[in-house]
Number of protein chains: 2
Amino acid sequence: MPPSQPNFSTKERILGVAETLFARHGFAGASLRQVTAAAKVNLAAVNYHFGSKESLIEEVFRRRLDELNRYRLAALAAVNANPEHVLEDVLDAFVRPALEQSMDSAGGAAFVRVLARAYAEHDERLRKFLSDNYGHVLREFATAFAHLLPHLDKEELYWRLDIVAGALTYAMADFGMIKRRGETSEATHRERTAEHLIRFAAAGLRA
Amino acid sequence: MPPSQPNFSTKERILGVAETLFARHGFAGASLRQVTAAAKVNLAAVNYHFGSKESLIEEVFRRRLDELNRYRLAALAAVNANPEHVLEDVLDAFVRPALEQSMDSAGGAAFVRVLARAYAEHDERLRKFLSDNYGHVLREFATAFAHLLPHLDKEELYWRLDIVAGALTYAMADFGMIKRRGETSEATHRERTAEHLIRFAAAGLRA
DNA sequence: GATGCGGTCAAACGACCGTTTGAATACTAG
DNA sequence: CTAGTATTCAAACGGTCGTTTGACCGCATC
């Protein structure tokens, strides 16, 4: 739980701790008292800096999602620029940014888990927020997939992508729990895991 | 929300309503007051019949899981009896029982969604309960898959099955949300969806 | 008709929830 | 140094949480 270090601002400490606690206990399950206690800030700080718990949740998403969306769209643009790109390249553009974010930024691994939780929540308010801030990215990927999978009609493609997105999100959320062999380094382990994930998803989409 | 009919016993009404509300709002998000109000039952009835909210949650699982496990193991045994069975048969033995349960028993569709939620919860207590009551089934399926996928080492196989279980659970939870074409009946739609799911998972496992 | 018992009920318990308040403090600009 | 703004703080707000209590009910048994 890194951002309880005092050299981070109150706002950043709250965001960091909230991220890990939401990942661990869910949005309803993690209370503001737990968050502020772990972040070593006053209880009222959440409402002062964010206005409400609901807004805090949204801010937890916005902080990482902005960066993740940028990377994913950039990666997708690079793939589209290559006229000989294949299905695996598009999947790579989707998976790799999340992979890298979960590695460098300290709480990134926790965020991928928060993302997986949001996927499970059928809360109307949260879904609307995510669709507003995230939908255009998924739509761009969907059209990229559509060009590579012309044998699938629109309906078929969409629910298949829904499965893929869910499977990938969940698989990435469990990255930390897949034990790696002793001899391989963390970096190469993740690299190999990503390759497997992509191969799995590509085969499922082509089937 | 069918089991609010008065011809069901108090216990059954609570279980049925709790199932749908847990599916919709999560275990922490659905309160006993919401449950008892929707079930038209006194608040104290939950603690009288189940002891605690925690035990109620476990009972919601136990009720359906017992039946689901029986069906899955029976289907798997039938598959194993056929010496020429293939990967798709084992996947079918896993998917079809959940599919059928989500069709006939009124709250079955909600339960599959509860199962998906439990998959997202990293709560230690709940995971232990599920692993105690569910683990042996997954282990039997794992050995069946192991025989059909000899090219995968044990480590590789296990996290791949983890992905498949997650993807299938989530896909099945969203069954109700995949819109079907107007001309096809509900039964044939589910049949086709199951076939797609199995083909998708089989391709991913073989890749 | 009294006794015992499983079930239901309204009411209350203490704990915890998200949020608000108003005073105390830290910081910055004039 | 001072005035003013931004932040932190302890305390309290009303509300909801899971759980417990004790009275009350219907009903079978003697």
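Chain A is the first sequence line, chain B the second, and so forth, proteins listed ahead of strands; every chain is numbered from 1. Only heavy atoms go into these numbers, but all of them, side chains included; no hydrogens, no water, no symmetry mates.
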Taking side chain as C-beta onward, heavy atoms only, is F27(A) less than 4.5 Å from L126(A)? yes
How would nucleotides 18-27 of chain D be written as a contact map, 5' to 3', with B for base contact, S for sugar-phosphate-only contact and - for no contact, using protein heavy atoms under 4.0 Å? BBBB------
Taking CZ in F129(A) as the centre, count heavy atoms belonging to other residues, nucleotides or ligands within less than 6.0 Å. Is the count above 12? yes
Distance col, row F94(B):CZ vs L76(B):CG, nearest 0.5 angstrom, shows 10.5 Å
note: I14(A), atom CD1; dT19(C), atom P; distance rounded to Å ~ 13 Å
Ignoring backbone atoms, test whether T10(A) places a side-chain nitrogen or oxygen under 4.0 Å from the OP1 or OP2 oxygen of dT7(D). no
Counting only side-chain N and O atoms of H49(A), is one of them less than 4.0 Å from OP1 or OP2 of dT8(D)? yes
Integer-rounded Å distance: dT8(D) C1' and K11(A) NZ: 15 Å
If I take atom NZ in residue K40(B) and atom P in nucleotide dT8(C), what distance separates them, rounded to the nearest angstrom? 16 Å
Applying side-chain hydrogen bond (donor to acceptor under 3.5 Å, both in side chains) to R117(B) and not counting sequence neighbours gives none
Starting at CG of L148(A), measure out to NE2 of H85(A) and round the result to the nearest 0.5 Å. 4.5 Å
What residues form a side-chain hydrogen bond (donor to acceptor under 3.5 Å, both in side chains) with R125(B), not counting sequence neighbours? E58(B)
Using atom CD1 of I57(B) as one end and atom P of dC17(D) as the other, report the distance to the nearest whole Å. 14 Å
